[in-house]
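To keep things clear, I will list the structure first and then write my remarks on it.
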Amino acid sequence: MSQQIRLSIAGMSCAGCVAAVENSLSAVPQVTEAVVNLGERTATVSGEASAEQLIAAVKQAGYDAAELKSLDDESAKENLELAEYRKLWARAIIAGVIGAGLMLTEMGGMLPSVQQAQGLWLFISLLTMLVLTFVGGHFFKGAWASLKAGRGNMDTLVALGTGTAWVYSTAVVLFPESLPGLARHVYFEAAVIIVALVSLGSALESKARGKTSEAIKHLIGLQPSSARIIRNGQELDVPVEDIGLEETIRIRPGERIPVDGRVFEGSSHVDESMLTGEPMPVAKHTKDIVYGGTLNTQGSFLMQATAIGKDTALAHIIDLVRKAQSSKPSIGRLVDKVAAIFVPVVVVIALLSFMIWYVYGPEPQLAYAIVSAMTVLVIACPCALGLATPISIMVGVGRAAEMGILIRNGEALQSASQLDTIVLDKTGTVTEGRPKLISCIPAKGFDQTIALTFAAALEKGSEHPLASAILAAAREQEIEVEAVSEFQALSGAGVEGIYQGQTLRIGNTRLMQQHAIDISELEPTIQSLAQKGETPILLAADQKLVALLGIADPARADSAQAIKRLQQLGLKVIMLTGDNAQTAQAVASMVGIDQVIAEVLPADKAEKVAELQRQGHRVAMVGDGINDAPALAQSNVGIAIGSGTDVAIESADIALMRNSLHGVADAIGLSRATMANIKQNLFGAFVYNSLGIPIAAGALFPVFGILLSPMIAAAAMSLSSVTVVSNALRLKRMKI
């Protein structure tokens with residue numbers, strides 16, 4: 001059976017590592033997809049392979065792995081990353097102190113020449129080797145593992161650069177007479193300081209990366225560790241993990257709700273901002289649903305657990321955010337292809353630089369050749385390239401979750417940034433979705449009570465939003481009826497059934513025409529109701545018209561403002577509805593929508609979206625109902641609004657946890673900001689390497705006489721990764 005396994009990966013340092021791990025995992029039999037996230041140091045693998053097989057594959061590629069199954073596993077991963085962060089700082093300090101000491105004594109003229117004190121320089125060579133072994137040994141281990149696997153990564157470049165510096169310098173110490181006088185220069189301090197600077201850069205990057213997963217940490221921290229339950233008449237404090245389904249839980253003021261459930265005694269106001277992004281607490285009464293992780297602000301109530309563990313809304317949100325943060329948009333997959341050949345290309349450039357300097361360079365050619373090759377190896381940074389996309393995706397998806405926007409994957413984020421057309425369902429999306437019966441106009445021979453009785457009996461078996469308005473009106477007038485028999489829903493037309501021997505039908509004009517029912521008596525009134533924004537519903541008994549009902553669904557208070565925001569983003573906004581054309585146009589006029597496609601059957605909504613796509617538009621469909629699911633799936637980006645059904649949310653690429661179209665504008669604004677951030681990172685990484693590598697190879701030397709120091713190259717390489725992560729973190733503060 002297909003499953004999804006999440007692994008923590010230790011030892012990855014650059015995009016080359018990502019490609020190596022992904023290739024190793026993808027090669028495991030029965031793996032259908034493997035996605036590795038460099039920013040989070042995790043892998044998400046789909047298929048039927050076992051965790052043991054996957055871990056073995058990762059280890060064969062030269063890295064360590066462990067399965068992430070619980071919060072304890074996540075905590076252990078964080079502790080390991082914290083330990084690694086501290087280790088990187090220790091390496092940077094040790095290598096930095098030794099390297100700085102060597103550099104200062106050499107620059108101050110305190111060290112004799114190699115010929116005068118060969119023993120002293122042999123000691124320095126040994127000291128440098130110890131630093132490279134015990135402080136920078138992970139570079140050489142990583143390089144060896146990648147060499148055995150037939151690939152290269154950042155460790156390869158650093159190991160080649162520092163190793164070359166040590167080997168050449170030691171050769172100068174051991175055989176000074178074999179080299180020309182001008183070439184008798186050693187680079188021990190450069191090798192040590194390179195290790196110090198790269199370790200420092202990795203530590204700073206690790207610290208900054210930790211901030212990118214704050215959204216997930218915040219969500220995990222929302223669930224309380226314990227809860228007060230009532231068992232056998234006794235109140236007990238138990239760990240959240242021990243709560244069972246249908247258990248009774250007491251929620252006191254100021255407490256977080258531990259699991260999903262339903263209120264059955266008492267009332268309160270609950271802060272659901274962690275789900276919706278809306279700060280105002282929501283009133284909760286008997287039979288209302290409450291969600292784990294939300295905060296009870298005042299009042300006390302008893303609830304019954306309906307979902308626990310991985311089945312809670314909070315657990316689903318955390319899982320969805322994690323999957324989205326680990327996913328890759330198409331631009332990320334393109335970068336991976338470039339990164340896969342990056343290290344071999346850099347090594348070739350370093351060799352070419354060495355040969356050009358050795359053949360055409362000034363005296364001492366060998367020393368210049370060694371320095372240029374070493375500098376090229378050190379300055380090239382596949383880290384920045386590898387981090388450019390995933391780090392921005394992690395921050396962008398996390399920021400979205402904090403705003404009550406759940407993005408299913410990175411591809412949806414990229415697609416949302418390219419949209420030019422927004423198609424909105426009317427009922428429950430533009431409007432409140434809670435219709436009210438405004439008019440009841442009986443035909444000749446009938447009165448309002450009879451009309452409402454027939455309508456309520458017929459709609460008692462319907463789940464349509466308009467049915468709830470009729471039933472609510474019947475309750476207000478204390479009309480109690482039995483449901484009809486032989487109830488049948490007629491898609492896009494209405495419903496019918498048998499009541500007291502009569503065939504009742506309620507629906508639109510199309511339904512009446514199909515059954516040859518004369519509506520001419522009330523036809524003029526149909527137009528006037530529609531012009532006022534009321535949906536006209538016709539009721540018939542057998543072949544006689546009984547009444548015309550006018551139902552209005554008011555627009556959401558903020559719909560007009562949200563639609564204006566969408567239009568200011570340069571988006572074309574269209575309303576797509578099965579409602580009467582005049583009613584739809586009246587609602588559209590109220591909220592500022594210019595184009596309306598009305599009287600569309602549910603089955604045809606997807607085709608209308610496809611038609612817009614054939615015209616060259618990139619379309620987002622926003623809806624909340626089961627009948628919107630095909631259109632959500634057909635669109636370039638499907639957006640399910642918060643009050644929507646599970647089917648609609650499952651069909652959508654983006655789910656809004658609040659009932660406001662402002663969430664659509666926020667999602668598109670954030671996606672554009674995230675993709676712009678990714679492009680800035682990629683531009684910076686490519687420009688850095690495009691300029692850095694030629695300068696390191698000596699491009700400035702013929703004109704300015706400048707040859708870059710390997711130590712400056714190491715500092716620049718470390719800074720590039722930190723810059724990419726820091727730029728991504730701007731998304732956390734950016735105004736959308």
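Residue indices begin at 1 and follow the sequence shown. Keep in mind it's a predicted model, so treat the numbers as computed, not measured.
No side-chain heavy atom of E22 sits under 4.5 Å from any side-chain heavy atom of L25. The closest side-chain heavy-atom distance from E40 to R6 is below 4.5 Å. With a 4.5 Å cut-off on side-chain heavy atoms, S372 and S353 count as touching. Counting heavy atoms from C-beta on, the side chains of W89 and L200 come closer than 4.5 Å. No side-chain heavy atom of F139 sits less than 4.5 Å from a side-chain heavy atom of T162. A 4.5 Å side-chain heavy-atom check between D64 and V58 finds every atom pair outside the cut-off. In this structure, L7 and Y63 have side chains that are not in contact, with every pair of non-hydrogen atoms separated by 4.5 Å or more. Counting heavy atoms from C-beta outward, L147 and T156 have side chains that stay 4.5 Å or more apart.
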Stepwise side-chain contact (heavy atoms from CB on, under 4.5 Å) test for E84 and L80
CA-CA 6 Å; E84 180 63 22; L80 285 172; over 6 Å; no
I'd like to know whether S46 forms a side chain to side chain donor-acceptor pair (under 3.5 Å) with T32, so could you lay out the CA-CA distance, the side-chain angles of the two residues, the decisive distance to 0.1 Å, and finally the verdict.
CA-CA 6 Å; S46 301; T32 55; 4.8 Å; no
Give the intermediate values and the outcome of side-chain contact (heavy atoms from CB on, under 4.5 Å) for residues N681 and T389.
CA-CA 8 Å; N681 284 344; T389 301; over 6 Å; no
Run S50 and L54 through side-chain contact (heavy atoms from CB on, under 4.5 Å) and show every step you take.
CA-CA 7 Å; S50 68; L54 301 176; over 6 Å; no
Could you walk me through whether L127 and I98 pass the side-chain contact (heavy atoms from CB on, under 4.5 Å) test, one step at a time?
CA-CA 9 Å; L127 178 64; I98 295 172; 4.0 Å; yes
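Note that CD1 of I695 is 11.5 Å distant from CG of L707, once rounded to the nearest 0.5 Å. Rounded to the nearest 0.5 Å, atoms CG (L413) and CZ (R672) are 12.5 Å apart. To the nearest 0.5 angstrom, I331 atom CD1 is 6.0 Å from K679 atom NZ. Summarising the geometry, atom CG belonging to L88 is positioned 5.5 Å from atom CZ belonging to R91; distances are rounded to the nearest 0.5 Å. For the atom pair M403 CE and D666 CG, the distance stands at 3.5 Å (nearest 0.5 Å). Atom CG of L132 and atom CH2 of W166 lie 8.5 Å apart (nearest 0.5 Å).
In terms of heavy atoms, A49 sits closest to V28 at CB-CG1, 3.8 Å. Nearest heavy-atom pair across A95 and V135 is CB-CG1, 4.1 Å. Contact between R399 and L731 at its shortest, heavy atoms only, is NH1-O, 2.6 Å. Closest approach of A696 to T375, counting heavy atoms only: CB-CG2, 3.5 Å. Contact detail for A713 and L708: the closest heavy-atom pair is CB-CD2, 4.3 Å. Counting all heavy atoms, side chain and backbone alike, E67 lies closest to I5 at OE2-CG2, 3.9 Å.
Judged by distance alone, with hydrogens and angles left aside, the side-chain atoms of T105 form a donor-acceptor pair with the main-chain N or O of L102 at under 3.5 Å. Of the possible donor and acceptor atoms, one in the side chain of N677 sits under 3.5 Å from a partner among the backbone N and O of N727. No donor-acceptor distance shorter than 3.5 angstrom exists from the side chain of S415 to the backbone of A412, with no hydrogens or angles considered. Under the 3.5 Å distance criterion, the side-chain polar atoms of Q4 are left unmatched by any main-chain donor or acceptor of V45.
A donor atom on one side chain and an acceptor atom on the other are not found under 3.5 Å apart for T42 and S8. Side chain to side chain, T674 and S392 fail the donor-acceptor criterion of an N or O pair below 3.5 Å. Judged purely by distance below 3.5 Å, without hydrogens or angles, the side chains of Q414 and S417 never pair a donor atom with an acceptor atom.
Note on ring orientation: taking the six-membered ring where Trp is involved, the planes of W121 and F188 are parallel (angle under 30°, cut-offs 30° and 60°). Under the 30°/60° scheme for interplanar angles, the aromatic rings of F354 and Y358 are found to lie parallel.
Within 6.0 Å of CD in Q418 there are more than 12 heavy atoms belonging to other residues, nucleotides or ligands.
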